[in-house]
Undergrad: 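Here it is: the structure, laid out below.
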Amino acid sequence: MKQSIRRQLTVIFISLMTLMFLANFLINAFFLEDFYILRKRQVLMDAYRILNTEISDSGLLDEEEIQEFGRFCNSNGMSFIVLDGDGRRLYWLETYADIVSGRLGGYRLGIDVGSVLEQNDKYTIQKKYDTEIGLNYLEMWGMLDKGFAFILRINIESIRESVSIANEFIKYICLAGIVLTAIIVQFITRKVTKPISELTELSKRMAELDFEAKYTGGGEDEIGQLGEHFNQMSEKLERAYSELLTANNELQKDIERKEQIDDMRKEFLSNVSHELKTPIALIQGYAEGLQECINDDAESREFYCEVIMDEASRMNGLVQKLLTLNQLEFGNDQVVMERFDIMDLIRNKVQSVSILAQQKEAHIIFHDEGSVFVWGDEFKVEEVLTNYLSNALNHVSGDHRIEISVRPYETSAADPGDSSADSDRNLRENTTVRISVFNTGEQIPEEDIDLIWDKFYKVDKARTREYGGSGVGLSIVKAIMESFHQQYGVLNREDGVEFWFELQNGDSMTCCEKDLPEITENVEA
């Protein structure tokens, strides 16, 4: 990361410290001497005021005042000379008194004056290099109010040497300070930017939808609170993303369901149109024939009316089945679970189809073993049984044998090598009764077995039309059994087809077919 906060902070802190050290060095180099001279000028002014105030008109100072002024001069590295009107020295504290006295006389005459810093009618302050002594001095000379000449001198040669030494010292201090600052800044910025780097990595992982990423830096400062907020945001984003995926999945299911409904609607309209087209055409044709009196004899008119009534009855039956199927599929028809005798229901149903069986020359074999109670909606179970029997009678051939059996769930229906199937089988043997309807005849092609439960699906359309089938009966069976949450199906046997369905056992006892007597009803034409 070229523009990392750590690098920026390091550069900023080192630059600031370098500027501070450099500024200190330059200020010391260029302004320390002027500041020193300014302070010494103030000392000269203080000494001038003392002399000007304390000295008498006769030029006398008492002993105490002289000693006090001497101590003041010594403490500030200052020398002085006071001359009377004749040029004689009254007071002095100067090693080179004769030389300085002569120079004061020259200054008063305007000879060899130094670099003037301040001047008025009472005194002059100047910088002067003393060629005879070889030193630089800050001097103040002039006349006191009492008419006495004076000169005050402070050696400033040492300040230049001090500034030079101080500058060299500060240079080393600056270099050491910059290095030390760099080390300290590196340590501080590493400590400060480490949690920020962790938060940066955390935000990157969150952007990649990695919600397992958590801030672990801790701390109770602003960064620690920010990390805790990141963790909370990660959890909320994970929940929101999960809800979004769930909603999206549900939406996708809704879309697929809508597409399926649209397809089913189109298919339904197509199938209904196809199923109703033929009977409507027949009704229309025969009705027009009656209207135009194509046949005047009563027998022909009766035949025409019978065709119209048969086709109308067929359409009415189709509509009724579609209404029933619609109620089942959309859950509008309430399932009333009750305990009833399935054997009694089968007996009544066998008796009701006996005439149709005689017409088909079919032999109905029913193993009547007394009473077997089951749980279910009796009316809907009768509908299932009716569809199975109707289907068997319409497709029976060969031996023309139809067998109806009621027995516990058969172990042969499950895979004997599947342990989970064994567990499920044992449970169903104790709680489930299987009712099957078998008819001899042609087997159902394997590719059609899973499709026969769909609405309007017909394996042999010509034959279905021949006996008036609509292709809706098995769809009704499927809808009813799924509303019961029970199993149903079809099996190809060696000499025919077996349709079966299961119901919950309504009695603690289970029956076994081999222990019961066989009762056979032979219904012949």
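If you're wondering where the values come from, they're calculated on a predicted model, not measured in any experiment. These values consider heavy atoms only, across backbone and side chains, with no hydrogens, waters or symmetry-generated copies.
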Undergrad: Got a sec: does the CZ of R41 have more than 12 other heavy atoms crowding it under 6.0 Å?
TA: yes

Undergrad: Do you know which two heavy atoms are closest between D84 and F148, and how far apart they sit?
TA: CA-CD2, 3.8 Å

Undergrad: Using atom types as modelled and distance alone, determine if a side-chain donor or acceptor of S75 lies under 3.5 Å from a backbone N or O of F72.
TA: yes

Undergrad: Please work out which of the three classes, parallel, tilted or perpendicular, describes the rings of Y388 and F501, given edges at 30° and 60°.
TA: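 Tilted: the ring planes of F501 and Y388 meet at 30° to 60°.
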
Undergrad: Show the numbers, then the answer: is there a salt bridge (charged side-chain N to carboxylate O under 4.0 Å, His left out) between K128 and E139?
TA: CA-CA 7 Å; K128 174 67 176 176; E139 298 177 337; over 6 Å; no

Undergrad: Does any N or O in the side chain of N391 come within less than 3.5 Å of the main-chain N or O of N387, such that one atom is a donor and the other an acceptor?
TA: no

Undergrad: Distance-only, no hydrogens or angles: does the Q119 side chain make a donor-acceptor pair with backbone N or O of T124 under 3.5 Å?
TA: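 It does not hold such a pair.
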
Undergrad: Taking only residues two or more places apart in sequence, or in another chain, which ones meet L175 in a side chain to side chain contact (heavy atoms under 4.5 Å, CB included)?
TA: none

Undergrad: Heavy atoms only: give me the nearest I452-I449 pair and the separation to one decimal.
TA: CG1-O, 3.3 Å

Undergrad: Tell me, yes or no, whether the heavy-atom count around Y129 atom OH, taken from other residues, nucleotides or ligands under 6.0 Å, exceeds 12.
TA: yes

Undergrad: Start with the C-alpha gap between M481 and V477, add the side-chain angles, then the distance that decides, and say whether side-chain contact (heavy atoms from CB on, under 4.5 Å) holds.
TA: CA-CA 6 Å; M481 296 312 300; V477 170; 4.2 Å; yes

Undergrad: Between OG of S475 and CD1 of I480, what distance do you get to the nearest 0.5 Å?
TA: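 Answer for the OG-CD1 pair, S475 versus I480, is 11.0 Å.
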
Undergrad: Would you please indicate if the ring centroids of Y488 and W453 are separated by under 6.0 Å?
TA: yes

Undergrad: Looking at every non-hydrogen atom in both residues, tell me the closest pair between K40 and N76 and how far apart they are.
TA: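 Where K40 meets N76 most closely, the heavy atoms are NZ-O, 3.6 Å.
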
Undergrad: What ring-ring contact (aromatic ring centres under 6.0 Å, His included) pairs are there with at least one residue in residues 89-113, not counting sequence neighbours?
TA: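 Output for this query lists Y107-W141.
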
Undergrad: I need the L22 CG to S15 OG distance, nearest 0.5 Å.
TA: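 Between atom CG of L22 and atom OG of S15 there are 12.0 Å.
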
Undergrad: Stepwise, does the side-chain contact (heavy atoms from CB on, under 4.5 Å) test hold for F340 with V381?
TA: CA-CA 10 Å; F340 66 94; V381 172; 3.9 Å; yes

Undergrad: Nearest 0.5 angstrom please: I55 CD1 to L61 CG, how far?
TA: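 Between I55 CD1 and L61 CG, I get 5.0 Å after rounding to 0.5 Å.
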
Undergrad: Would you indicate whether K122, at its atom NZ, is surrounded by more than 12 heavy atoms from other residues, nucleotides or ligands within a distance under 6.0 Å?
TA: no

Undergrad: Heavy-atom distance under 4.5 Å between the side chains of L451 and D454, does that happen here?
TA: yes

Undergrad: Is it true that a side-chain atom of D86 and a backbone atom of R88 form a donor plus acceptor pair closer than 3.5 Å?
TA: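 Pair absent, no side-chain N/O of D86 close to backbone of R88.
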
Undergrad: Could you go step by step and tell me if N492 and E446 meet the side-chain hydrogen bond (donor to acceptor under 3.5 Å, both in side chains) rule?
TA: CA-CA 9 Å; N492 280 325; E446 291 297 327; 3.2 Å; yes

Undergrad: List for me each residue that meets salt bridge (charged side-chain N to carboxylate O under 4.0 Å, His left out) alongside E378, sequence neighbours excluded, and say none if there are none.
TA: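 With neighbours one apart ignored, the set is empty.
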
Undergrad: Nearest 0.5 Å please: distance from the CD atom of E68 over to the CD atom of E63.
TA: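 Result: 12.5 Å between the selected atoms.
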
Undergrad: Nearest 0.5 Å, please: how far is CD1 in I154 from CZ in F80?
TA: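 If I round to the nearest 0.5 Å, the distance is 13.0 Å.
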
Undergrad: Any non-hydrogen side-chain atom of Y137 less than 4.5 Å from a side-chain atom of I156?
TA: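 No, their side chains stay 4.5 Å or more apart.
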
Undergrad: Is it the case that more than 12 heavy atoms not belonging to E447 sit under 6.0 Å from its CD atom?
TA: yes

Undergrad: Taking the side chain as everything from C-beta on, heavy atoms only, tell me whether I255 gets closer than 4.5 Å to L251.
TA: yes

Undergrad: Could you grab the distance from atom CD of E94 to atom CD1 of I151, nearest 0.5 Å is fine?
TA: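 If I round to the nearest 0.5 Å, the distance is 8.0 Å.
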
Undergrad: Could you check if a side-chain atom of I125 sits within less than 4.5 angstrom of a side-chain atom of M140, using non-hydrogen atoms only?
TA: yes

Undergrad: Flag the pair P445 / D448 as yes when at least one side-chain heavy-atom distance between them is below 4.5 Å, and no otherwise.
TA: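 Yes, side chains in contact.
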
Undergrad: Go through the steps to decide whether D377 and F484 satisfy the test side-chain contact (heavy atoms from CB on, under 4.5 Å), and finish with yes or no.
TA: CA-CA 8 Å; D377 189 317; F484 290 174; 3.7 Å; yes

Undergrad: Looking only at non-hydrogen atoms, find the nearest pair between S436 and R407 and report the distance.
TA: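 Residues S436 and R407, closest heavy atoms: OG-NH1, 3.0 Å.
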
Undergrad: Might you work through the side-chain hydrogen bond (donor to acceptor under 3.5 Å, both in side chains) test for T432 and E502, ending with a clear yes or no?
TA: CA-CA 6 Å; T432 307; E502 295 177 352; 4.7 Å; no

Undergrad: I'd like to check N136 versus K127 (side-chain heavy atoms, cut-off strictly below 4.5 Å). Are they in contact?
TA: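 They are not in side-chain contact.
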
Undergrad: List the steps, then state whether side-chain contact (heavy atoms from CB on, under 4.5 Å) holds for L117 with Q126.
TA: CA-CA 5 Å; L117 300 178; Q126 65 181 20; 5.6 Å; no

Undergrad: Between L152 and A47, which heavy-atom pair has the shortest distance, and what is it?
TA: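 Here L152 and A47 meet closest at CD1-CB, 3.7 Å.
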
Undergrad: For the CG atom on D112, are there more than 12 heavy atoms of other groups (residues, nucleotides or ligands in this structure) within a distance under 6.0 Å?
TA: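 More than 12 within 6.0 Å, yes.
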
Undergrad: Applying side chain to side chain contact (heavy atoms under 4.5 Å, CB included), name anything that partners S101, two or more places apart in sequence or on another chain.
TA: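 Counting only residues at least two positions away or on another chain, S101 forms a side chain to side chain contact (heavy atoms under 4.5 Å, CB included) with I81, L83, R89.
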
Undergrad: Quickly, which of V490, I435, L491, V384 forms a side chain to side chain contact (heavy atoms under 4.5 Å, CB included) with F499? Name it, please.
TA: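 Considering V490, I435, L491, V384, a side chain to side chain contact (heavy atoms under 4.5 Å, CB included) with F499 is found only for V490.
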
Undergrad: Output all residues satisfying side-chain hydrogen bond (donor to acceptor under 3.5 Å, both in side chains) with K253, sequence neighbours left out; order by chain, then residue number.
TA: none

Undergrad: Looking at every non-hydrogen atom in both residues, tell me the closest pair between V100 and R153 and how far apart they are.
TA: CG2-NH1, 2.9 Å

Undergrad: When you look at CZ of R339, are more than 12 heavy atoms from neighbouring residues, nucleotides or ligands closer to it than 6.0 Å?
TA: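 More than 12 heavy atoms, drawn from other residues, nucleotides or ligands, come within 6.0 Å of this atom.
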
Undergrad: For residues 41-65, which residue pairs qualify under ring-ring contact (aromatic ring centres under 6.0 Å, His included), counting only residues two or more places apart or in two chains?
TA: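 For residues 41-65: Y48-Y123, Y48-F150.
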
